[in-house]
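Comments concern the structure below.
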Protein chains: 2
Amino acid sequence: MKYLISELANKCNVNKETIRYYEKVGLLRPPTRTDSGYRMFSEDSVKRIKFIKRMQDLGFTLAEISKLLGIVDKDNQRCEDMYNFVVNKVEEVQLKIRDLKRIEQMLINLKEKCPNEKFMYECPIIETLVVGNDT
Amino acid sequence: MKYLISELANKCNVNKETIRYYEKVGLLRPPTRTDSGYRMFSEDSVKRIKFIKRMQDLGFTLAEISKLLGIVDKDNQRCEDMYNFVVNKVEEVQLKIRDLKRIEQMLINLKEKCPNEKFMYECPIIETLVVGNDT
DNA sequence: CTTTACCCTGTACTGTGGTACAGGGTTTAT
DNA sequence: ATAAACCCTGTACCACAGTACAGGGTAAAG
């Protein structure tokens with residue numbers, strides 16, 4: 001299946017300007033073009049854009065995502081120093097998982113108490129992350 | 001313990017402009033002032049700023065953090081519609097935890113393969129998040 | 001054969017979350 | 001009593017990640 005830019009944009013829930021922007025900053029490789037210069041995208045681009053978007057939601061910057069995609073593209077420029085990058089990221093991700101679990105519990109408790117204003121106001125919020133080390 | 005703005009900034013690893021900015025946008029309530037107008041912060045501010053910073057790293061916007069702090073401040077303006085806000089956030093957080101665990105595994109595998117270029121280039125990257133539903 | 005709906009490049013503008021002065025007051029150390 | 005090191009307000013500027021035109025070409029439906 002081949003896509004024009006706005007078909008791809010639609011499929012991925014982004015807008016076409018975003019796709020051109022991703023191409024410009026190197027997150028997408030230049031797609032093939034029709035004779036009249038229209039971009040033609042493949043199925044792979046769909047997966048790639050969805051990956052970029054999800055990674056972004058998970059807290060990765062476009063620069064970091066680009067680095068990871070360097071592996072997909074077998075680009076040894078972007079793969080330089082990959083090991084250290086990955087080691088640091090693993091740690092970051094693990095700490096995020098740990099803290100998000102605390103937030104999850106805090107929010108579940110809060111949700112339960114919400115219907116009653118007094119109880120709600122007594123929910124611990126700031127304390128959630130102060131625990132210091134792990135659980 | 002009382003802090004001048006740059007002492008607080010130091011303790012929290014932010015700069016003073018950020019603290020003033022947080023005050024301006026309502027994340028910190030106006031602190032008490034000395035006779036000459038200097039801000040004096042309490043220990044609570046330390047915890048509060050650290051909370052804000054960590055929540056931000058975890059993907060919450062300042063607007064969302066402000067809403068949660070509405071509970072701490074017992075501000076029923078910011079607490080309006082809290083229940084729905086919390087319900088949505090719980091779901092988001094749970095999906096983030098799920099996907100971060102997948103990323104964690106992907107990165108751990110990648111780390112192991114990194115020393116060898118060929119193996120590294122064969123690591124699944126985009127596929128990590130394509131699984132669709134849970135594991 | 002022209003209207004409608006696409007596409008292109010390029011540049012300007014936006015929102016979020018700060019960061020960096022400028023211009024001026026205060027406090028402490030010498 | 002004056003320099004150094006703080007503080008204040010206010011405004012301008014920054015990076016990131018888009019978003020929105022402007023000006024112009026293409027394609028296909030009526």
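Lettering follows sequence order; numbering is per chain, from 1.
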Fill in: Heavy-atom side-chain contact between A:F60 and A:Q56 under 4.5 Å
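When only atoms from C-beta onward are counted, A:Q56 and A:F60 do not touch, as no gap falls below 4.5 Å.
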
Practice prompt. Using a 4.5 Å cut-off on heavy atoms from C-beta on, say whether the side chain of A:Y38 contacts that of A:R33.
Written response: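 No, too far: nothing below the 4.5 Å cut-off.
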
To the nearest Å, give me how far apart [atom1] ([X]) and [atom2] ([N]) are.
| X | N | atom1 | atom2 | result |
| --- | --- | --- | --- | --- |
| B:Y3 | D:dC6 | OH | C1' | 18 Å |
| A:K2 | C:dC6 | NZ | C1' | 19 Å |
| B:L4 | C:dT28 | CG | C1' | 13 Å |
| A:I5 | D:dA27 | CD1 | P | 16 Å |
| A:I65 | D:dA17 | CD1 | C1' | 11 Å |
| A:E23 | C:dC8 | CD | C1' | 11 Å |
| B:K16 | D:dA5 | NZ | P | 13 Å |

Discussion item. Is it the case that the side chain of A:S66 and the backbone of A:L27 share a donor-acceptor pair, with hydrogens and angles ignored and the cut-off at 3.5 Å?
Written reply: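 Not at all, since once roles are kept as given, no pair shorter than 3.5 Å links the two residues.
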
Item to complete: Ignoring hydrogens and angles, tell me if any N or O in the side chain of B:D73 forms a donor-acceptor pair with the backbone of B:D75 under 3.5 Å.
Response: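 Such a contact is absent between B:D73 side chain and B:D75 backbone.
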
Looking at [X] and [Y], does any basic side-chain N land under 4.0 Å from a carboxylate oxygen?
| X | Y | value |
| --- | --- | --- |
| B:R39 | B:E23 | yes |
| A:K74 | B:E122 | no |
| B:K96 | B:D99 | no |
| A:K47 | B:E127 | no |

Response to the item:
Under a 4.0 Å heavy-atom criterion, the protein footprint on nucleotides 15-22 of chain C, written with B, S and -, is --BBSB--

Worksheet entry | Nucleic acid contacts of residues 29-43 of chain B, taken as heavy-atom distances under 4.0 Å to DNA chain D |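 The answer is B:R33, B:G37, B:Y38, B:R39.
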
